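Everything below concerns the one structure shown next.
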Amino acid sequence: QVQLVESGGGQVQAGDSLRLSCTDPGRTFSTDVMGWFRQAPGKEPEFVAGISWTGSITQYADAVKGRFTISRDNPKNTVSLQMFSLKPEDTAVYLCAARFLLTSNVGTGSVAYWGQGTQVTVTS
């Protein structure tokens, strides 16, 4: 069964850190681009970060560059998003995504698979 399972969301204060994880229990995406999008209330989903299957290429949205770090552990079928210096505007449902193109403008339309999402709430 193809699935992506997210964990690690929660409520934190501004300036805090949080680590999200996404597991691919079926080892379906071991050679695919994986990453994270987020969707704030009343807004469209937006790209956050992506990583190539080797981990050698990463890409970030301007809003999170320098604060978020994406990584993957292929033997454990896991992609992680380490988030530092969180801001209230980072509040959103964070969605793990798999099998999409890492282009200069990553859109939701190119994503083949989605996780269910995990809520991140940052209070001021």
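Because the structure is a prediction, the values reported are computed rather than measured. Worth knowing before you read on, the calculation uses all heavy atoms, side chains too, and leaves out hydrogens, waters and symmetry mates.
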Qualifying residues under side chain to side chain contact (heavy atoms under 4.5 Å, CB included), relative to [X], sequence neighbours excluded:
X: K43; value: A40
X: E46; value: R38
X: S124; value: P88

[X] versus [Y], closest heavy-atom pair with distance:
X: T54; Y: S56; result: OG1-OG, 2.8 Å
X: Q119; Y: A92; result: NE2-O, 3.4 Å
X: G107; Y: S110; result: O-OG, 3.2 Å
X: K65; Y: D62; result: NZ-OD1, 3.2 Å

Which pairs count as salt bridge (charged side-chain N to carboxylate O under 4.0 Å, His left out) when at least one residue sits in residues 95-122, sequence neighbours excluded? D32-R99
Sorted by first residue and then second, give each salt bridge (charged side-chain N to carboxylate O under 4.0 Å, His left out) pair with at least one member in residues 109-123; sequence neighbours left out.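 Of all non-adjacent pairs touching residues 109-123, none passes salt bridge (charged side-chain N to carboxylate O under 4.0 Å, His left out).
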Could you check whether atom CD of Q13 has more than 12 heavy atoms from other residues, nucleotides or ligands sitting under 6.0 Å from it? no
Are there over 12 heavy-atom neighbours, none belonging to Q116, within less than 6.0 Å of that residue's CD? no
Side chain R72, main chain S52, donor-acceptor under 3.5 Å: yes
Side-chain donor/acceptor of N74 to backbone N/O of N77, under 3.5 Å: no
Does any part of the side chain of S71, heavy atoms only, come nearer than 4.5 Å to the side chain of Q82, both counted from C-beta? no
When Ile, Leu, Val, Met, Phe, Trp and Tyr are grouped by side-chain heavy atoms lying under 4.5 Å apart, directly or through other members, which residues fall in the same group as V12?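 So far as hydrophobic clustering goes, V12 is joined with V2, L4, L18, L20, F29, M34, W36, V48, I51, Y60, V64, F68, I70, V79, L81, M83, L86, Y94, Y113, V120, V122.
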Transitively linked via ILVMFWY side-chain contacts under 4.5 Å: [X] with [Y]?
X: V106; Y: I57; value: yes
X: W53; Y: F37; value: no
X: W114; Y: V93; value: yes

Determine, step by step, whether E44 and T108 satisfy the side-chain contact (heavy atoms from CB on, under 4.5 Å) criterion, reporting the C-alpha distance in whole Å, the side-chain angles of both residues, the deciding distance to 0.1 Å, and the verdict. CA-CA 9 Å; E44 293 293 317; T108 58; over 6 Å; no
